[in-house]
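Everything on this sheet refers to the single structure shown next.
Residue numbers start from 1 in every chain, and the chains themselves are labelled A, B, ... in the order their sequence lines are given, proteins ahead of strands.
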2 protein chains.
Amino acid sequence: MIVSKKTNGVMGRKNPKKWEHRFREMGMRFTEPRRVILEVLGNTVEHLSAEEIYMRVYKKHPNIGLTTVYRNLYTLERMGIVTKFHFGDGCHRYELIEGHKKPDHHHHLVCTGCKRIIDYDDFMDEEIAYIKKVEKALSRKHSFDITDHVIQFYGLCKKCKAA
Amino acid sequence: MIVSKKTNGVMGRKNPKKWEHRFREMGMRFTEPRRVILEVLGNTVEHLSAEEIYMRVYKKHPNIGLTTVYRNLYTLERMGIVTKFHFGDGCHRYELIEGHKKPDHHHHLVCTGCKRIIDYDDFMDEEIAYIKKVEKALSRKHSFDITDHVIQFYGLCKKCKAA
DNA sequence: AACAATAATGATAATGATTATCATTACCAA
DNA sequence: TTGGTAATGATAATCATTATCATTATTGTT
């Protein structure tokens, strides 16, 4: 079995038909901009900003506007298809939720030098156990319904250390 | 012993003289805007934005400008005196590092409804053990010098759940 | 097939937080 | 005191994001 690097090594990525269904069952249309944006997000392991997504969309579909990209990223976010992050550079970055070993896996290692972002999934079991525990205690103590969490490590990558 | 709520219940908060020394030893001046900004940060447990800090500064010192607030927050950040966070509302929020049980304690519980932020320090020992472990493994695996980390939980507080 | 009704788009302008510019002021050291 | 530099504050500029609104595309209905 050959696993394409371009698809993040994950098989079974939803094909357009499946996405279409997600939209249709909510009474929404699966338009070309939406298909193309999902295509861009599905073909990278990077964490792209709206602008960067727009630039990639633009190459093949210069008619699709930046506004539409922003609007649909918001739509996709509400649909639970993408997640929005903030890594400390001045913009939001988007990630397709699908393709992770675990859903709600929002753990990143960020280089404060070159802004490179690495997804990691080491210690998942331990981490999940730990998170669950804290979550439970915090939600009880503060009467919160916890829905999500973010763990990020910041540092300097090899190159930026040297430089 | 009476512990003022206003000072976050922490004794031994640096007084102006101590701050002054921090600046002086770096060949910097301990100016009035700097003193006032530190005063504002020292007198709250909230996570204020630059604008909010400016507004509090303004009350007693209307001559101090917003630009100066931004500039000095950046200065304080570089000096390791304050930390900047992003909680998902459109601005950065600042926190005096001093006054936490442990340094580099950046763990928050954020209500996505009312934007209220709760600092927590439960499970500190476990958390530190866990973080250390991940940090070590990640820095080895990816050749990163990890300098910092952030853990944030998102959810709805009691009031926002009800509403 | 023609037709409303409404979803979605794209161009443009507006917003809001943050940063750059620059002339002025305050402080320190000789 | 005086020259040099740090710091300030007013203003304008920037950049990501959002709001507005007229236009286009799609769908369900006759």
According to side chain to side chain contact (heavy atoms under 4.5 Å, CB included), who are the partners of [X], at least two apart in sequence or on a separate chain?
X        : answer
B/Lys158 : A/Ser143
B/Tyr54  : B/Glu51, B/Tyr58, B/Leu66, B/Val69
A/Arg78  : A/Tyr74, A/Thr75

Rounded interatomic separation in angstrom, taking [atom1] from [X] and [atom2] from [N]:
X       : N      : atom1 : atom2 : result
B/Glu51 : C/dT15 : CD    : C1'   : 13 Å
A/Met28 : D/dT27 : CE    : P     : 13 Å
A/Arg35 : C/dA8  : CZ    : C1'   : 15 Å
B/Tyr54 : D/dA10 : OH    : C1'   : 11 Å
A/Glu25 : C/dA7  : CD    : C1'   : 18 Å
A/Met26 : D/dT27 : CE    : C1'   : 18 Å
B/Tyr94 : C/dT18 : OH    : C1'   : 8 Å
B/Ile53 : C/dA17 : CD1   : C1'   : 14 Å

Taking protein heavy atoms under 4.0 Å as touching, what does nucleotides 23-28 of chain C look like 5' to 3' if B marks base contact, S marks sugar-phosphate-only contact and - marks none? ---BBS
A/Glu126 with B/Lys133: basic N within carboxylate O range, under 4.0 Å: yes
If you measure from the Lys or Arg side-chain nitrogens to the Asp or Glu carboxylate oxygens, is any gap between B/Lys161 and A/Asp145 under 4.0 Å? yes
Could you pick out which residue, B/Gly90 or A/Phe30, lies toward the 5' side of DNA chain C when each is mapped onto its nearest nucleotide? A/Phe30
Below 30° counts as parallel, above 60° as perpendicular, anything between as tilted: where do the rings of B/His86 and A/His86 land? parallel
Counting C-beta onward and ignoring hydrogens, is there a side-chain heavy-atom pair between A/Ile146 and A/Val134 closer than 4.5 Å? no
Apply salt bridge (Lys or Arg N to Asp or Glu O under 4.0 Å) to the pair A/Glu39 and A/Arg35, showing each step before the final yes or no. CA-CA 6 Å; A/Glu39 196 179 303; A/Arg35 184 179 52 70; 3.3 Å; yes
Hits for ring pair (Phe, Tyr, Trp, His ring centres under 6.0 Å) against B/Phe87, two or more places apart or cross-chain, chain-then-number order -> B/His47, B/Phe85, B/His108
For DNA chain D, the residues among residues 58-80 of chain A that have a non-hydrogen atom under 4.0 Å from it: A/Thr67, A/Tyr70
Can you tell me if the side-chain N/O atoms of B/His92 get under 4.0 Å from OP1 or OP2 in C/dA17? no
Toward the 5' end of DNA chain D, which comes first, A/Ser49 or B/Phe23, by nearest nucleotide? B/Phe23
